[in-house]
Amino acid sequence: MTLTRRSTLAILGATSALAATVARAAAPKASPLRLWYRQPAKEWVEALPIGSGKLGAMVFGGVGVERLQLNEDTLWAGGPYDPANPEALTALPQIRKLIDAGDYAGATDLAEARFMGTPKRQMSYQTIGDLKLDFPGLGETGADYVRDLDLDGAIATTAFTAGGVRYVREVIGSAPDGVIAVRLTAGRKGAISVDLSFASPLKSKPVATVEGHALVLSGMNEAQNNVAGALKFECRVQVQARGGKVSGQGDKLSVRGADEVLLLIAAATSYRRFDDVSGDPMASNRATLAKLVGKPWAKVLADHQADHRGLFRRVSVDFGRTRADLLPTDERIKSSPTTDDPSLAALYYQYGRYLLIACSRPGGQPANLQGIWNDKTFPPWGGKYTININTEMNYWPAEPTNLAECVEPLVMLVEGVAQTGAHTAKVMYGARGWVCHHNTDLWRATAPIDGAKFGVWPTGGAWLCKHVWDHYDYGRDKAYLEGVYPLMKGAARFFLDTLVVDPKFGVLVTNPSISPENNHGHGSSLAAGPTMDQAIVRDLFDNCLKAEAVLGADPAFVAELRTARDKLASYKIGKDGQLQEWQEDWDADAADLHHRHVSHLYGVFPSDQIEIDTTPKLAAAARQSLLTRGDLATGWAIAWRLNLWARLGDGDHAHSVLKLLLGPERTYPNMFDAHPPFQIDGNFGGTSGMTEMVMQSRNQRIYLLPALPSAWPTGHMTGLRARGAVGVDVRWAGGKLSEAVLTAGADGRHTVVCAGSTLVVDLKQGQSARLTLRDGALVRA
Ligand code: FUC
C-alpha cells in the first residue's frame with residue numbers, strides 16, 4: 001500500500017513534527033493493522049486487549065512491573081436464580097387499563113411496585129484480578145520502548161532495552177489451546193528474573209498457592225443482590241523456564257536467571273449452564289495445560305495465528321493513507337478531529353473485527369457490555385447483556401464483515417433465555433412462548449429490572465431473534481434454521497398471546513412497554529405500542545414466515561401470524577414531519593429531544609422496513625427525527641447514528657459522525673469506545689457503520705457505495721458478505737465504483753444497485769461475477 005499525499009494544510013503542518021517524533025521512537029513499521037505506543041499504560045483504557053474468546057487479558061506493558069488483568073467469561077456474581085415475579089400477573093390488567101386511560105404515571109407506579117423482577121437487579125460480570133510480574137532490577141522505563149498490538153497477528157508485544165539488554169514480551173489469547181500465553185525473552189542469556197503474584201479485588205477473597213511450577217488462584221465468585229455466589233473458579237499459571245531456576249514461596253512463584261520464560265494461563269469456573277454449576281474448574285485447567293506439555297511457543301503461536309487469521313484475513317479495507325498513520329495510536333486519536341487520517345478509521349474498523357474474534361467464539365459467552373475485558377467486580381451497568389440496543393450492536397458487524405462463527409455464542413444465549421423466558425412469560429404474563437426484557441446476564445434472567453422506565457419492555461428477546469434469523473439469511477444453512485426455528489416461533493408465540501387492541505387506534509400493540517429509555521413527556525415512559533416494538537414484532541413475524549417458507553409444515557401457525565401481522569400498528573408521520581416514536585404524536589413533548597436512544601429509527605437500521613428508495617416518505621420522516629436528535633451522544637449512540645446516516649444515503653454526514661466517534665472524547669487511547677465509560681458496543685457499531693457506507697445488503701438487494709464520503713475518494717473493502725450467502729468485494733477510485741466481485745456461497749439471484757443503476761446477477765454456488773460501471777451503468781466486466 002502506498003502513501004497518498006493529501007493536500008490539506010492540517011496535514012502539511014503536522015508533517016515535520018511527525019518526522020521528528022517517528023525518528024525518536026522505536027516505532028514498529030507503519031502498518032494499517034497495528035496499535036502502538038511509546039509508553040506503558042497507566043490507565044486501564046490504555047492497556048491492550050487480547051483474548052481467546054473465553055479468556056481475556058489487558059496488557060499494560062510495564063517495564064519493571066507488568067500487569068496482566070485477567071478475565072474468564074463465566075466469572076459473574078451470583079448463582080442460578082429465578083427473578084419472575086408472580087404478583088405481576090394480577091397487576092398486568094390494571095397497568096394496561098391505566099395506560100389506556102392515559103394515566104402513565106399511575107401505570108409506572110403500579111409497575112414499579114408489582115411488575116418488576118425479584119431481585120430488581122441482575123448479576124455482574126467480574127474480573128479474576130491481576131497477574132503481576134515483578135522484574136527485579138528493572139526500573140519504570142527502558143530505552144527504545146515500544147508496545148503494540150498487531151491485529152493481524154493477534155499478539156501484544158512490549159519491547160525495550162535496559163542495562164544493554166533488549167527485552168521482548170509477547171502475549172496472546174489462543175482459542176485453539178484455550179490459554180493466554182506469555183513469552184518473555186531477552187537478548188542476553190540468563191537475563192530474565194521475575195516474581196509472579198496475583199492480586200484480586202474479589203470480596204470473596206480467592207487464595208493464591210504454589211503447586212510445583214504453577215501459581216494457582218482459586219476461590220468463589222461474589223454474592224450479589226441477595227443471590228449467593230455459587231461458582232467455584234480457578235486460574236492456573238504454568239511456568240516453563242529455559243535455564244535459570246524456578247522456586248515457590250507462599251503465594252509467589254519466582255524465576256531467576258532464565259534465558260526465556262513461557263507462562264501458560266488457564267482459567268475456568270464451575271459454570272456449565274444457567275441452571276448448572278457442577279463444573280470442575282481445577283480439572284478443566286489441568287486438562288487444558290496437560291495438553292500443552294512439551295508444545296513449544298513457536299507452535300502455540302503458529303496455531304493461534306493460523307486460527308485467528310482464518311477469520312481476520314477474510315476482510316481487507318483501505319480508505320486511503322496519509323502521513324498521520326506514522327504516529328503512535330494515542331496521538332492519532334488525539335489529533336483526529338483536525339487531521340485527515342482515513343487509515344485511523346480503517347484501523348478502528350479492523351479493531352472491531354479483532355475484538356469480536358477475541359471475545360466471542362463458539363462454546364463461550366457472547367460479547368457483553370465490555371466484550372470480555374473488565375477489571376472490576378461491579379463494572380458499569382454490571383457489564384451485562386443490555387438488549388435494548390447494546391448486545392445487538394455488538395453483533396451488527398458479525399455477518400457482513402464475515403465473522404459469522406462469532407455469532408454462535410449469541411444464538412446459544414437465545415436458546416438459554418428462550419427457556420428461562422418461557423417461565424417468565426407464564427408467571428408474569430400468563431402467556432405461552434418466551435419473553436426477555438431489556439437485560440439478561442450469565443444466569444439468563446429475563447424479568448423486567450432496574451425500574452419500570454427501563455425494564456418494562458418486552459421486545460428484547462424478539463430483537464435478539466433478528467440475529468438468529470440473520471445468521472440464516474447470510475449463511476443459508478437450512479439445518480441451522482431447522483434448529484433455531486422453535487426459538488423464533490416461541491418468541492412470536494409470546495406476542496400472539498400478549499398483544500392487545502389499542503382502544504383508541506384499533507391496532508394490535510404491546511402494552512405495557514416503553515420506547516427505550518425515553519420519557520414521552522406525559523408523566524412517564526410507559527406507553528402502549530411504541531414504534532420500535534411494532535417494528536421489532538413485525539420483523540419477528542416476517543422472519544418466522546420466511547423461515548416457515550423454507551422449512552414448511554407449520555400452516556396453522558402461519559395463518560395466526562398473518563392475521564396478527566396485518567393488525568400491527570403501522571408507522572406514523574407526526575406534525576413536525578418526524579417519524580413518530582409513539583402511537584401519539586408526542587415527540588416534541590419528550591423530556592429529552594436529543595435522547596441517545598433512537599429506537600423508533602430501528603426500521604431504518606438495523607432493520608430495512610424503511611428505505612430511501614422504496615419508502616421515501618418514511619425515510620424523509622426518519623431523517624427529520626434524526627436531525628432533531630442531533631449527532632452528539634454517547635459512544636454507542638453516535639455509532640447508531642453513523643449506521644443510520646449511511647442507510648439514509650448521506651456519506652458526508654455519516655463521515656462527520658464517524659469523526660465524533662473516533663475523536664478522543666469517544667475513543668480511549670487503546671481505541672476502546674467511550675460511552676463514557678468504556679462500552680464495547682460503540683466499537684462494533686463503528687465497524688458496522690463503515691461497512692454500511694460501502695455496502696448495504698437489504699431487502700434482497702446489494703447496494704454498492706451507497707454512502708461513500710468525499711473524504712475517501714479511493715479505496716477498497718473486500719471479503720464482505722451479503723444476505724443470500726454471497727461474498728462482496730468493492731473497489732473504488734475517484735469516488736466511483738471501479739470494480740465489484742460477487743462470489744456465491746449458494747445458488748441465487750442478486751439485485752445489485754450502484755449509483756442509481758441496477759443489475760440482476762444470477763449465480764450458481766461457487767461462481768463469481770465481476771461488475772463495473774460503464775457510462776454510468778452497472779455491467780458485468
Ligand atoms: C442502556 C443505555 C445506557 C447504557 C446502558 C448499558 O440502558 O441507555 O446508555 O448504554 O444501556
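In listed order, ligands and their atoms are each counted from 1. Heavy atoms only: backbone and side chains are in, while hydrogens, waters and symmetry mates are out.
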Specify side chain, backbone, both or neither for L369, according to which of its non-hydrogen atoms lie closer than 4.0 Å to ligand 1. side chain
So, Q69 and N71: side-chain donor and acceptor under 3.5 Å apart, yes or no? yes
For the residue pair Y351 and Y354, categorise the inter-ring angle as parallel (less than 30°), tilted (30 to 60°) or perpendicular (more than 60°). parallel
Would you call the rings of W44 and F678 parallel, tilted or perpendicular, where under 30° means parallel and over 60° means perpendicular? tilted
Does W636, backbone or side chain, put an N or O under 3.5 Å from an N or O of ligand 1? yes
Would one find an N or O of W381, backbone or side chain, under 3.5 Å from an N or O of ligand 1? no
For the pair H437 and Y429, name the ring-plane relationship: parallel under 30°, tilted 30 to 60°, perpendicular over 60°. parallel
I'd like to know if H597 contacts ligand 1, where contact means a heavy-atom distance under 4.0 Å to any ligand atom. yes
Any T634 heavy atom less than 4.0 Å from ligand 1: no
Atom 7 (O) of ligand 1 - nearest protein heavy atom and its distance: E517 OE2, 2.2 Å
What do you reckon, does N388 have a nitrogen or oxygen under 3.5 Å from a nitrogen or oxygen of ligand 1? no
Provide, to 0.1 Å, the distance between atom 11 (O) of ligand 1 and the closest protein heavy atom, together with that atom's residue and name. N390 OD1, 3.2 Å
Cationic N near anionic O, under 4.0 Å, K466 to D470: yes
Give me the residue, atom name and distance of the protein heavy atom closest to atom 9 (O) of ligand 1. H675 NE2, 2.7 Å
I'd like a table of donor-acceptor pairs (distance under 3.5 Å, sequence neighbours excluded) in which one partner is a side-chain atom from residues 447-457, with atom names and distances.
from, atom 1, to, atom 2, distance (Å)
D450, OD1, R121, NH1, 2.9
W457, NE1, T459, OG1, 3.0
W457, NE1, D533, OD1, 2.9

Testing the 3.5 Å rule here: is there a donor-acceptor pair between the side chains of D441 and Y81? yes
